[in-house]
**Q** 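This is the structure I want to talk about, given as structure tokens.
Please read these numbers as outputs of a predicted model, since none were measured by experiment. Lettering of chains follows the sequences in order, A, B, ..., and the numbering in each one begins at 1.
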Amino acid sequence: MLLLVSPANGPATHCPRNHLTTLEPQLDNKLMGASKVVTRFAPSPTGFLHIGGARTALFNFLFARHHGGDFRLRIEDTDRARSTEPAIAAILDGLGWLNFDWDGEVVYQFARAARHADVAHQLLANGHAYRCYATPEELEAMRAAQRAAKQPMRYDGRWRDRSDWPNDAPHVIRLKAPQTGSVTIDDLVQGPVTVANAELDDMVLLRSDGTPTYMLAVVVDDHDMGVTHVIRGDDHLNNAFRQLALIRAMGWQEPAYAHIPLIHGADGAKLSKRHGALGVNEYRDQLGLLPEAVENYLLRLGWGHGDDEFISREQAVEWFDLSGVGRGPARFDMKKLESVNGHYLRQADDARLTALIAPGVGAALGREPTARDLDILQRSMAELKKRANNLNDLATSSLFYLRSRPIPMDDAAAKLLASAAPGILARARTAFAQGDDWSAPALENQARALADAAAVKLGQVAQPLRAAVTGAAQSPGLFDVMAMLGRDEILGRIDDALQMMEEGAKP
RNA sequence: GGUCCCUUCGUCUAGCGGUCUAGGACGUCGCCCUUUCACGGCGAAAACACGGGUUCGAUUCCCGUAGGGAUCACCA
């Protein structure tokens, strides 16, 4: 039995579900009689967790939960030059934000290099692998020749059957893969896919410096972790055939495969920075999206359950299956994501939203929001959240409540004031100042009475007032806002507007 | 280029031989609600890539074509 090691000085392993021990999964399965489903998400920390990776993680997570199995996390950090600590931290952070809780400890692939090399040597010993002394230059020349002859570029097996090994010369270890026949993978998403063995060459298992290649590491780790279902991007579909050859050479249990289509940009091309290939952290920090919205959108991208659009985590766990995953690449649509986010925003708890926008509001205000500010925000949230599709807009739209007088006035509001019926604002001010009931219905009645007296529509009174009170031409219900902010503040803001108009009228 | 995969409204999808004059959602447009903007409600335009088969009958099955994608490292 071997241990899955985490580097002692690695990043803090955020481990929400580590109540599960790291008992050898194979043993677990035997004890249970049947094979318990085990999936894994295996990002390489060479960049941040992007949206495609998040979806792969979601599918693995959902599939495992649906079957009551384990969802494991493995960091593929064997590329020492490109793997970074910040990237690892961002991946764990992103997964945590999305609430994709994994089981057991995080497996760091690099830490298992000795185990990988061991497998390569076992293969060497039992004749399923061989030493190849071809130099990189030699291989490059080989490919150049193949290219020139319009032949497929493949390793030609020149060391496959040799044993006249030069002493101490650098060499790699290659898998001695079958050369005839074919392999069929019954992919859970793509269906049966067959490739002739003649199309596959002998892949490198161990580099000349003794380090394992990705192909070796993945297969060994998946096996050791007891992974039963490999769910990953379909850019790995071709790899699956060579990995299967390795699995068979070792006589290991073959996992089921599910290769899910990649996500494309709005223009149908591969997702790039241009159109949404942001790290999931940026979806949170810059776009102001809610994790449940991102999850729901990702789930519906390439998968459907009848006409259902909004699917809760619980329903997703109950309904998710691989056969429902579409086989063509789906395009990323920011508009729809925003719309889904708007839906979840309206569902979200007011206190939660208040807490989420507080930092942004504070930054815009240039001061720490006070308890009173937060109280106003929370009580206004029900109205505010109907008008926003993301947290940024939500924060911005709430600012007018909290700004100190005189509040800034946008162009549309200024225009509203300039074109208001002469004296209407002053008359409204007088009426409000005289009233003794500062409730929304009472304020509205006063405004209506005023409009009737002036023989104008309510809008003629309400719009200039709205400009004075909110500094904008659109806002939540005017009288609710007035009631919320109180008599002194409102009369003060009207006075500010009156003064501004007076100054504007002077030459 | 070789190999492999994919193809329903602009986009995400429902459809798994007849229920399709093809349904839902986003987006777009119109109307309603209304103190503004939203929310909400109602409605409209909008798709089975093309060509052959199979079948009594194809959006659904098969084969081509076109288009798109993935992959061909001592990278993961």
**Q** Whole-Å distance between B:rG41 P and A:Lys386 NZ?
**A** 13 Å
**Q** Consider the side chain of A:Ser339, meaning its heavy atoms from C-beta on, and name the nucleotide among B:rU35, B:rC26, B:rA76 that approaches it most closely.
**A** B:rC26
**Q** Taking the inter-plane angle between the rings of A:Trp159 and A:Tyr133 on a 0 to 90° scale, is it parallel (under 30°), tilted (30 to 60°) or perpendicular (over 60°)?
**A** tilted
**Q** I need the CG-P distance between A:Asp308 and B:rA14, as an integer number of Å.
**A** 12 Å
**Q** Determine, step by step, whether A:Arg74 and A:Asp222 satisfy the salt bridge (charged side-chain N to carboxylate O under 4.0 Å, His left out) criterion, reporting the C-alpha distance in whole Å, the side-chain angles of both residues, the deciding distance to 0.1 Å, and the verdict.
**A** CA-CA 9 Å; A:Arg74 181 173 73 229; A:Asp222 281 346; 2.8 Å; yes
**Q** Given B:rC4, B:rA70, B:rC74, which nucleotide is nearest the side-chain atoms of A:Leu237?
**A** B:rC4
**Q** Between atom CG in A:Asp480 and atom P in B:rC39, what is the gap in whole Å?
**A** 18 Å
**Q** For the pair made of CG in A:Asp410 and P in B:rU36, what is the distance, rounded to whole Å?
**A** 17 Å
**Q** Is there a side-chain contact between A:Arg300 and the phosphate of B:rA25, meaning an N or O under 4.0 Å from OP1 or OP2?
**A** no
**Q** Looking at A:Thr78, I'd like to know whether one of its side-chain N or O atoms comes within less than 4.0 Å of OP1 or OP2 on B:rA76.
**A** yes
**Q** Would you mind reading off the distance between A:Asp187 atom CG and B:rC6 atom P, rounded to a whole angstrom?
**A** 10 Å
**Q** Looking at the base of B:rC37, is there any donor atom on it, or on the side chain of A:Arg387, that sits under 3.5 Å from an acceptor on the other one?
**A** yes
**Q** Ignoring hydrogens and geometry beyond distance, is the side chain of A:Ser208 in donor-acceptor contact with the base of B:rC74 at under 3.5 Å?
**A** yes
**Q** Should the pair A:Glu338-A:Lys335 be classified as a salt bridge under the 4.0 Å nitrogen-to-oxygen rule?
**A** no
**Q** Quickly work out the A:Glu138 CD to B:rA73 C1' distance and round it to whole Å.
**A** 16 Å
**Q** Does a side-chain N or O from A:Arg143 land closer than 4.0 Å to OP1 or OP2 of B:rC74, or not?
**A** yes
**Q** Parallel, tilted or perpendicular: which one describes the rings of A:His305 and A:Trp319, with boundaries at 30° and 60°?
**A** parallel
**Q** Looking at B:rU3, I'd like to know if its phosphate oxygens (OP1 or OP2) sit under 4.0 Å from a side-chain N or O belonging to A:Arg154.
**A** no
**Q** Can you tell me how far C1' of B:rU3 sits from CD1 of A:Ile185, to the nearest Å?
**A** 13 Å
**Q** Quick check on side-chain hydrogen bond (donor to acceptor under 3.5 Å, both in side chains): which of A:Asn238, A:Asp187, A:Asp235, A:Asn239 does A:His259 satisfy it with?
**A** A:Asp187
**Q** Mind calculating the distance between CG (A:Leu301) and P (B:rG24) to the nearest angstrom?
**A** 21 Å
